[in-house]
Amino acid sequence: MITTTVPPPPMATPLPSTTLTRHHSLHPPRRLSLTTRSSSSPLTSPQSSPLSFDLRTYWSTLITQIDRKLDEAIPVSYPDKIYEAMRYSVLAKGAKRAPPVMCVAACELFGGDRTAAFPTACALEMVHAASLIHDDLPCMDDDPSRRGQPANHIVYGEDMAILAGDALFPLGFRHIVSQTPPKLVPKERILRVIVEIARAVGSTGMAAGQFVDLKGGPNAIDFVQEKKFGELAQCSAVCGGILGGADDDEIQRLRSYGKAVGVLYQVVDDILEEKTGADNKSEDRKTKKGKSYVSVYGVNKAMEVAEDLREQAKKELDGLEKYGEKITPQTEASLLESPFEELADTSSCE
């Protein structure tokens with residue numbers, strides 16, 4: 001028998017040690033948004049009063065638009081079965097659309113038109129769906145359900161699931177190139193976006209996270225969380241910033257913010273599932289693998305990690321305060337508290 005030794009993954013960026021002071025206000029990440037610098041969106045136009053900004057309306061309206069764009073981007077063609085499998089996962093009703101929403105919101109923050117961001121936003125959701133299809137396969141995480149419905153391979157078989165995921169990755173890149181309005185986005189920015197996405201999903205990004213998730217090793221928990229969940233979130237924020245014309249310093253802040261929020265989403269979801277007992281069968285697999293903060297450290301420590309991540313995200317947003325009224329205290333509060341809005345309600349479920 002040939003055996004291989006898996007080298008320890010690189011140390012992930014350590015989280016600051018802080019004391020959790022708001023256990024009662026920790027809630028799951030349901031919505032994510034950034035305010036606009038000079039966006040053309042009627043919901044966030046410069047003429048609108050900061051006090052009138054409605055995060056729920058912004059999120060739900062944007063999701064509706066993204067869902068429509070995704071439906072148009074993946075019409076059924078030959079071979080029908082592959083396209084049906086692609087659409088099954090991309091258009092799942094349980095999708096939260098966090099990557100595309102973050103992309104569009106970041107673009108608008110820096111004065112970009114959301115029309116310019118929609119192709120990249122759709123591509124990010126295609127990439128996200130493809131990664132989930134492959135993650136759920138028996139040879140990977142072996143999960144029978146995703147987004148409130150049977151996993152792709154349960155419905156279409158492992159062969160079609162693999163092909164659907166394989167097809168979604170290049171479709172995303174093609175969609176960016178063919179659908180991004182050239183009058184709104186210079187070619188150089190489009191190339192930067194493509195490079196950013198390729199980096200995020202590649203052998204040093206999400207694929208590396210999945211490798212360590214499978215093989216384990218020292219420092220596995222931080223590395224897996226950062227690569228599997230933080231990479232796509234930071235990529236989404238950065239892509240939106242690139243499309244909107246953010247400078248290098250602003251891009252770096254978006255990168256740090258996105259990474260923190262991406263891991264935060266997963267940590268809080270894990271906490272929710274533990275507290276409510278949801279998705280027990282799937283969680284049993286995660287617990288056995290020991291790849292979540294909840295399964296490794298317990299709920300209380302995971303809640304401290306979530307608070308640390310929230311503070312990291314807030315620190316990066318505070319760095320954008322030079323825009324003055326463009327980022328209002330009300331909207332910043334909505335952004336930072338939105339990942340925490342419902343977990344306290346689970347106390348009645350315990």
Side-chain angles (χ1 to χ4, degrees), residues 66-100 103 118-180 193-215 224 227-229 231-233 235-236 239 266 279 281-282 285-286 289 291:
I66 291 168
D67 285 344
R68 184 172 66 250
K69 296 289 185 181
L70 286 169
D71 184 39
E72 296 169 353
I74 315 177
V76 176
S77 180
Y78 181 82
D80 297 8
K81 204 69 173 179
I82 295 178
Y83 281 96
E84 290 171 4
M86 294 161 67
R87 289 174 59 85
Y88 175 81
S89 291
V90 172
L91 302 179
K93 298 299 183 183
K96 298 174 183 176
R97 305 295 189 223
C103 174
F118 275 138
T120 297
C122 289
L124 287 164
E125 188 62 30
M126 293 176 194
V127 166
H128 188 206
S131 71
L132 297 179
I133 292 172
H134 287 173
D135 279 0
D136 291 340
L137 289 168
C139 62
M140 295 291 181
D141 291 350
D142 191 18
D143 205 324
S145 63
R146 174 67 66 177
R147 291 175 165 176
Q149 62 185 23
N152 196 290
H153 68 274
I154 298 296
V155 177
Y156 293 95
E158 292 179 36
D159 51 357
M160 283 301 111
I162 292 172
L163 291 176
D166 288 347
L168 282 169
F169 282 114
L171 177 59
F173 290 119
R174 188 178 77 181
H175 193 69
I176 294 172
V177 173
S178 63
Q179 299 300 315
T180 303
V193 163
I194 291 174
V195 169
E196 181 66 27
I197 296 175
R199 180 205 61 76
V201 303
S203 58
T204 60
M206 295 165 64
Q210 184 63 30
F211 170 80
V212 176
D213 195 14
L214 291 169
K215 301 300 183 181
V224 169
K227 292 296 182 180
K228 287 192 68 171
F229 309 116
E231 283 287 343
L232 186 59
C235 173
S236 301
C239 285
Q266 188 60 37
D279 199 15
K281 292 183 179 180
S282 178
R285 293 188 182 88
K286 293 179 183 177
K289 288 188 174 185
K291 297 302 191 306

Q) Got a second to check how far Cys239's SG is from Ile176's CD1, nearest 0.5 Å? A) 6.5 Å
Q. side-chain hydrogen bond (donor to acceptor under 3.5 Å, both in side chains) with Asp135: which residues, sequence neighbours excluded?
A. none
Q | Main-chain N/O of Thr204 paired with Lys227 side-chain donor or acceptor, under 3.5 Å | A | yes
(Q) For Pro100 versus Ala121, what's the shortest heavy-atom pair and its separation? (A) CB-O, 3.3 Å
(Q) With rounding to the nearest 0.5 angstrom, report the CG to SG distance, Leu232 to Cys103. (A) 10.5 Å
Q.
To the closest 0.5 Å, what do you measure between OG (Ser89) and CG (Leu168)?
A. 7.5 Å
Q.
Per the ring pair (Phe, Tyr, Trp, His ring centres under 6.0 Å) rule, what does the pair list look like for residues 119-153, sequence neighbours excluded?
A. none
Q.
Arg146: which residues meet the side-chain hydrogen bond (donor to acceptor under 3.5 Å, both in side chains) condition with it, sequence neighbours left out?
A. Asp136
Q) Which residue pairs pass the salt bridge (Lys or Arg N to Asp or Glu O under 4.0 Å) test when at least one of the two sits in residues 85-94, sequence neighbours left out? A) Asp71-Arg87
**Q.** Gap between atom CG of Leu137 and atom CG of Asp142 - 0.5 Å precision
**A.** 9.0 Å
**Q.** All ring-ring contact (aromatic ring centres under 6.0 Å, His included) counterparts of Tyr88, not counting sequence neighbours
**A.** Tyr156
Q.
Run the side-chain contact (heavy atoms from CB on, under 4.5 Å) test against Ala92 and tell me which residues pass, sequence neighbours left out.
A. Arg147, Gln149
**Q.** Euclidean distance, Asp213 CG relative to Phe211 CZ, rounded to 0.5 Å
**A.** 11.5 Å
Q: Measure the spacing between CD1 of Ile133 and CD1 of Ile162 and express it to the nearest 0.5 Å.
A: 11.0 Å
**Q.** For the student: nearest non-hydrogen atoms of Lys69 and Cys122, plus distance
**A.** CB-SG, 3.5 Å
Q: Applying side-chain contact (heavy atoms from CB on, under 4.5 Å), run through Val127 and Ile197 and close with a yes or a no.
A: CA-CA 9 Å; Val127 166; Ile197 296 175; 4.1 Å; yes
**Q.** For the student: nearest non-hydrogen atoms of Glu125 and Leu70, plus distance
**A.** CG-CD1, 3.7 Å
(Q) As a quick check of understanding, evaluate salt bridge (charged side-chain N to carboxylate O under 4.0 Å, His left out) for Asp141 and Lys228, giving each step before the final call. (A) CA-CA 12 Å; Asp141 291 350; Lys228 287 192 68 171; 3.2 Å; yes
Q) Minimum heavy-atom separation for Cys235 to Leu124, with atom names? A) SG-CD2, 3.9 Å
Q | By side-chain contact (heavy atoms from CB on, under 4.5 Å) - contacts of Ile82 (at least two apart) | A | Pro79, Met86, Met160, Leu163, Ala167
(Q) I need the minimum non-hydrogen distance between Gly172 and Ala123, along with the two atoms involved. (A) O-CB, 3.3 Å
Q.
Under the rule for side-chain contact (heavy atoms from CB on, under 4.5 Å), what residues qualify as partners of Ala73, not counting sequence neighbours?
A. Met126, His175
Q: With sequence neighbours left out, write down each residue that passes side-chain contact (heavy atoms from CB on, under 4.5 Å) with Arg199, or none if nothing qualifies.
A: Glu196, Glu231, Gln234, Arg255
(Q) Going by salt bridge (Lys or Arg N to Asp or Glu O under 4.0 Å), name the pairs with one or both residues in residues 160-173, residues two or more places apart or in two chains. (A) none
Q: Compare every heavy atom of Ile66 with every heavy atom of Phe118, then report the nearest pair and how far apart it is.
A: CE2-CG1, 4.0 Å
